[in-house]
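First comes the structure, then the notes that go with it.
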Amino acid sequence: MLAPLRDARDEVIAEFTRTKHDIAWATLFELSVVPYGIADVVHVAVDQEVVEERRALGASPITDHHELTLFMILQHSRHDGYRAREIAVRAGMSVEGLRRGPLARLTAAGHVERLSGHIYRPTWRYRTAICALVAIEVKRTDWRRAAQQALRYTTFADRTYLALESATAQRALLHPELIATTRVGLIQVEPSTLRVKKIKNAPSPGDRLRKFERLRAAEAAFLLIDSGKVSGPILPVFGKTHTTSTGVDPRSLS
């Protein structure tokens with residue numbers, strides 16, 4: 001079902017394109033946001049101006065949780081930066097652990113510069129390259145398990161959908177109260193024709209969306225885009241690597 005969901009992107013993201021006319025969209029697969037899981041399909045609105053700006057600055061994606069935490073702390077520093085001890089207090093880390101770990105890696109990558117007196121400041125001001133992010137959990141049969149997984153995506157996605165084969169989707173619709181409590185939308189895919197139909201619009205995640213987790217997901221998506229890939233690693237499930245049942249697997253087109 002991956003290729004049909006990619007091809008039906010315009011229908012899924014319609015509510016966003018009404019307000020983001022000049023933003024290009026891309027479809028990614030296997031987007032990992034630890035510990036919330038790996039989203040099967042993600043449609044992202046990409047601000048190409050920010051992409052080019054960050055490439056020109058050498059501002060590579062920051063996907064490590066601790067590194068991104070520190071970098072965002074430093075975004076609020078004064079022009080002359082923060083002392084390592086100040087950063088450690090704000091991050092809840094030891095000074096020694098900070099210097100040897102994430103702060104050292106940020107400095108080595110050029111995101112942060114060290115001044116005299118153990119003072120650090122960012123070398124660039126953060127701008128996200130991802131303006132909107134729509135996550136989709138795909139399942140053929142076990143819709144209850146899929147709904148619980150999709151619920152986890154509402155922590156980092158602007159909208160989340162559950163995509164099911166049509167027969168499974170109809171069974172899920174017999175339990176509207178369960179679908180409603182997950183705050184996800186519903187998509188059905190007809191296996192014989194591969195026709196995609198959006199049955200229920202995804203609501204806003206509301207207070208389930210966490211700003212920092214949204215940043216982490218955006219950086220993970222930017223990493224794929226910046227490296228010219230459309231998919232993260234395809235991990236084996238119970239020792240087996242699963243691919244699409246029909247047609248070319250779109251995850252292999254990087």
Side-chain angles (χ1 to χ4, degrees), residues 1-33 36-48 128-140 143 146-170 172-173 176 178-180 182-206 208-209 213-214 217-218 220-222 224-225 229-232 244-251 253:
M1 295 195 290
L2 300 180
L5 289 168
R6 176 199 60 195
D7 297 339
R9 181 177 65 207
D10 288 349
E11 179 181 353
V12 176
I13 65 171
E15 62 190 290
F16 289 99
T17 54
R18 285 195 291 268
T19 58
K20 299 181 183 296
H21 302 292
D22 57 344
I23 297 294
W25 286 78
T27 300
L28 306 172
F29 304 94
E30 308 294 331
L31 185 75
S32 176
V33 183
Y36 304 105
I38 302 174
D40 296 311
V41 182
V42 177
H43 299 310
V44 293
V46 185
D47 189 327
Q48 197 60 37
T128 180
I130 307 301
C131 306
L133 190 152
V134 180
I136 304 175
E137 173 70 6
V138 182
K139 277 288 184 292
R140 297 180 64 185
W143 71 267
Q148 289 304 309
Q149 181 58 48
L151 172 63
R152 295 163 68 86
Y153 301 160
T154 61
T155 306
F156 64 80
D158 298 303
R159 295 291 187 278
T160 300
Y161 282 92
L162 180 59
L164 306 169
E165 285 193 354
S166 53
T168 306
Q170 293 307 310
L173 286 173
L178 297 180
I179 295 296
T182 61
R183 297 194 67 80
V184 303
L186 184 61
I187 296 171
Q188 74 172 19
V189 181
E190 175 55 52
S192 61
T193 63
L194 300 182
R195 181 174 179 269
V196 174
K197 181 180 179 181
K198 185 161 63 172
I199 297 176
K200 175 180 176 289
N201 284 324
S204 166
R208 288 186 179 173
L209 180 64
E213 303 307 331
R214 171 65 171 72
F222 179 42
L224 291 178
I225 291 167
K229 297 179 180 179
V230 299
S231 177
T244 53
S245 57
T246 58
V248 176
D249 190 331
R251 297 173 298 180
L253 300 178

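Numbering of residues begins at 1 and proceeds along the displayed sequence. Values reported hereafter were calculated over all heavy atoms of this structure, with side chains retained and with hydrogens, waters and symmetry mates removed.
- Contact of the Val33 side chain with the Thr155 side chain is not registered, since no non-hydrogen atoms from C-beta on lie closer than 4.5 Å.
- A search for salt bridge (charged side-chain N to carboxylate O under 4.0 Å, His left out) contacts involving Lys200 returns nothing, not counting sequence neighbours.
- Val42 approaches Val44 most closely through the heavy-atom pair CG1-CG1, 3.5 Å.
- In terms of heavy-atom proximity, Pro250 sits nearest to Val230 at O-CG2, 3.6 Å.
- Checked against side-chain contact (heavy atoms from CB on, under 4.5 Å), Ser166 has the following partners two or more places apart in sequence or in another chain: Gln188, Glu190, Pro191.
- Considering CD1 of Ile136 and CZ of Phe29, their distance stands at 9.0 Å, rounded to 0.5 Å.
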Checking Arg251 against Leu2 for the side-chain contact (heavy atoms from CB on, under 4.5 Å) test, could you report, in this order, the C-alpha distance in whole Å, the side-chain angles of both residues, the deciding distance, and whether it holds? CA-CA 8 Å; Arg251 297 173 298 180; Leu2 300 180; 3.6 Å; yes

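- None of Leu186, Val12, Val184, Leu5 except one satisfies the side-chain contact (heavy atoms from CB on, under 4.5 Å) rule with Tyr161; the exception is Val12.
- Checked against side chain to side chain donor-acceptor pair (under 3.5 Å), Arg208 has no partners two or more places apart in sequence or in another chain.
- In this structure, CZ on Arg6 lies 14.5 Å from CE on Met1, to the nearest 0.5 angstrom.
- Across all their heavy atoms, Pro4 and Leu194 have their closest contact at CB-O, 3.6 Å.
- The side-chain heavy atoms of Leu151 and Glu137, taken from C-beta on, include no pair separated by under 4.5 Å.
- In terms of the ring pair (Phe, Tyr, Trp, His ring centres under 6.0 Å) criterion, residue partners of Phe156 (sequence neighbours excluded) are, by chain and number, Tyr153.
- The shortest heavy-atom contact between Ala172 and Leu164 is CB-CD1, 4.0 Å.
- Proximity of a side-chain donor or acceptor of Gln148 to a complementary backbone N or O of Trp143 within less than 3.5 Å is not detected.
- Each of Ile187, Val138, Leu31 was checked for a side-chain contact (heavy atoms from CB on, under 4.5 Å) with Val41, and the lone residue meeting it is Val138.
- Atom CG of Leu28 and atom CZ of Phe222 lie 12.0 Å apart (nearest 0.5 Å).
- Shortest non-hydrogen contact noted between Ala26 and Val46 is CB-CG2, 4.2 Å.
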Under the criterion side-chain contact (heavy atoms from CB on, under 4.5 Å), I'd like the reasoning laid out for Val196 against Asp7: C-alpha separation, chi angles, the key distance, then a yes or no. CA-CA 9 Å; Val196 174; Asp7 297 339; over 6 Å; no

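- Looking at residues two or more places apart in sequence or on another chain, you find a salt bridge (charged side-chain N to carboxylate O under 4.0 Å, His left out) between Arg214 and Asp158.
- Scanning for side chain to side chain donor-acceptor pair (under 3.5 Å) contacts around Thr27 gives Arg9, His43, with sequence neighbours left out.
- Across all their heavy atoms, Thr160 and Ala150 have their closest contact at CG2-O, 3.4 Å.
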